[in-house]
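Below: one structure, written as structure tokens.
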Amino acid sequence: MSIFQKAQFFTTVNHLQDLPPTRCEVAFVGRSNAGKSSAINTLCNRTRLAYVSKTPGRTQHINFFDLGQERFLVDLPGYGYAEVPEAVRAHWVQLLGRYLQTRDSLVGLLLIMDSRHPLKELDWKMIEFFQMTQRPVHILLSKADKLSRQEQQKVLSSVKKQLAEHPNITIQLFSSSKKTGTEEVSRVVEEWFAACPLPEEEDFDGPETFGD
């Protein structure tokens with residue numbers, strides 16, 4: 001069974017001081033129209049676990065989903081051109097940036113990109129920003145079903161070539177509608193979680209949370 005199959009909504013957070021104590025987290029991030037929520041729903045085999053909207057930018061908070069054994073999936077606000085007030089956008093940027101840079105229990109980042117429009121300027125900024133943490137990134141080239149097989153392999157090869165100098169980054173094709181690529185994502189996440197196993201005979205108090 002996939003590690004995502006037992007996912008249950010846990011909490012939503014709008015301020016860093018409210019982050020729950022966890023042992024291990026894997027976060028999803030991507031441009032506002034990249035298909036992030038659809039990818040989460042597909043991986044968890046649910047239809048409405050993560051909110052899917054035709055309006056980009058509807059994920060405005062950090063949403064936590066419990067995977068069991070003090071491991072969590074974290075849905076981060078999308079970045080890009082969502083039509084929201086500037087004050088809200090500025091809050092997203094601060095919330096997202098500080099979470100990615102300071103969250104001790106974050107073990108890896110799943111970065112969603114539309115396979116038809118990969119590695120846009122904001123994607124590069126996200127990669128460069130998160131690489132400073134020296135933690136791994138796994139890129140899902142989403143909506144791959146909208147490309148021919150030849151186009152899929154071409155874009156996969158191109159993205160791998162452009163990121164060849166980033167050893168902590170892996171890349172795959174993914175389709176929410178066809179449910180292709182789910183097993184590969186599960187393997188990657190399970191490997192990340194294996195790096196922070198639960199202690200056998202001690203209580204877990206969790207890492208300190210971070211204030212605004």
Side-chain angles (χ1 to χ4, degrees), residues 4 25-44 50-60 62-63 73-84 89 92-93 96-97 99-101 106-189 191-192:
F4 298 108
E25 297 172 4
V26 167
F28 272 85
V29 72
R31 294 202 309 274
S32 297
N33 58 351
K36 176 169 58 69
S37 295
S38 295
I40 292 173
N41 287 333
T42 295
L43 288 166
C44 298
Y51 185 80
V52 179
S53 172
K54 293 181 180 179
T55 303
R58 289 300 298 269
T59 302
Q60 300 180 12
I62 296 178
N63 297 313
L73 175 65
V74 183
D75 184 14
L76 299 176
Y79 54 86
Y81 302 99
E83 295 181 2
V84 295
R89 188 194 305 274
W92 289 0
V93 170
L96 183 62
Y99 168 84
L100 291 172
Q101 285 286 299
L106 178 61
V107 297
L109 187 68
L110 293 168
L111 176 54
I112 315 301
M113 297 182 196
D114 188 326
S115 59
R116 300 166 298 177
H117 313 287
L119 291 175
K120 295 295 186 181
E121 180 181 359
L122 290 175
D123 296 324
W124 278 111
K125 287 183 178 180
M126 174 59 67
I127 289 169
E128 292 165 2
F129 181 78
F130 190 70
Q131 285 282 279
M132 291 188 288
T133 69
Q134 298 184 333
R135 294 170 183 166
V137 177
H138 187 62
I139 294 174
L140 277 63
L141 297 173
S142 66
K143 307 180 184 181
D145 58 288
K146 298 184 181 296
L147 301 176
S148 67
R149 294 209 172 191
Q150 184 176 2
E151 290 170 333
Q152 289 176 9
Q153 294 308 311
K154 183 177 180 179
V155 71
L156 180 62
S157 177
S158 175
V159 172
K160 285 183 175 181
K161 184 176 181 179
Q162 293 179 72
L163 294 172
E165 296 182 2
H166 297 267
N168 284 347
I169 297 179
T170 50
I171 306 128
Q172 70 162 94
L173 294 164
F174 186 84
S175 169
S176 294
S177 62
K178 300 295 184 182
K179 298 185 177 182
T180 54
T182 58
E183 292 182 0
E184 185 174 350
V185 183
S186 296
R187 285 196 300 269
V188 169
V189 171
E191 289 176 3
W192 288 351

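Index from 1, following the sequence.
Looking at L100 and T133, their side chains never come closer than 4.5 Å, going by heavy atoms from C-beta outward. In this structure, S158 and Q162 have side chains that are in contact, with non-hydrogen atoms separated by less than 4.5 Å. You'll find the side chain of I127 reaches within 4.5 Å of the side chain of L119, heavy atoms only. A 4.5 Å side-chain heavy-atom check between S37 and D75 finds at least one atom pair inside the cut-off. For the pair T182/F4, no side-chain contact is recorded, criterion being any heavy-atom separation below 4.5 Å from C-beta on.
For Q172, the side chain to side chain donor-acceptor pair (under 3.5 Å) test picks out H138, with sequence neighbours left out. Evaluation of the side chain to side chain donor-acceptor pair (under 3.5 Å) rule for R116 yields D114 as partners, not counting sequence neighbours. Residues meeting the salt bridge (charged side-chain N to carboxylate O under 4.0 Å, His left out) test with K178, sequence neighbours left out: none. Legend: residues meeting side chain to side chain donor-acceptor pair (under 3.5 Å) with S177, ordered by chain and number and at least two apart, are D145, S175. Residues that satisfy the side-chain contact (heavy atoms from CB on, under 4.5 Å) test with A27, not counting sequence neighbours, are V74, L76, Y99, L106, L109. For P136, the side-chain contact (heavy atoms from CB on, under 4.5 Å) test picks out W192, with sequence neighbours left out. By the side chain to side chain donor-acceptor pair (under 3.5 Å) test, S157 is found to be paired with no residue, residues two or more places apart in sequence or in another chain being considered.
Nearest approach of V155 to P118, heavy atoms of both residues: CG2-CG, 3.7 Å.
Counting only distance, with no hydrogens or angles, the side chain of T42 and the backbone of A39 share no donor-acceptor pair below 3.5 Å. Judged by distance alone, the side chain of S142 and the main-chain N or O of A34 form a donor-acceptor pair under 3.5 Å. Remark: side-chain polar atoms of Q101 are paired, donor with acceptor, to backbone N or O of F129 under 3.5 angstrom.
From L73, atom CG reaches atom CD1 of I40 across 5.0 Å, with rounding to the nearest 0.5 Å. To the nearest 0.5 Å, atoms CG (L163) and CG (N168) are separated by 11.5 Å. Put simply, CG on L173 and CD on Q153 are 6.0 Å apart, with the number rounded to the nearest 0.5 Å. To the nearest 0.5 Å, atoms CD (E183) and CG (L43) are separated by 11.5 Å. Atom CG of L111 and atom CD1 of I139 lie 5.0 Å apart (nearest 0.5 Å). In this structure, E151 CD and S115 OG are separated by 9.0 Å, a value rounded to the nearest 0.5 Å.
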Requested in this report: Determine, step by step, whether H166 and I171 satisfy the side-chain contact (heavy atoms from CB on, under 4.5 Å) criterion, reporting the C-alpha distance in whole Å, the side-chain angles of both residues, the deciding distance to 0.1 Å, and the verdict.
Outcome: CA-CA 11 Å; H166 297 267; I171 306 128; over 6 Å; no
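The salt bridge (charged side-chain N to carboxylate O under 4.0 Å, His left out) contacts involving residues 158-176 comprise nothing, where partners must be two or more places apart or lie in separate chains. Screening residues 123-137 for salt bridge (charged side-chain N to carboxylate O under 4.0 Å, His left out), with sequence neighbours left out, gives R31-D123, E121-K125.
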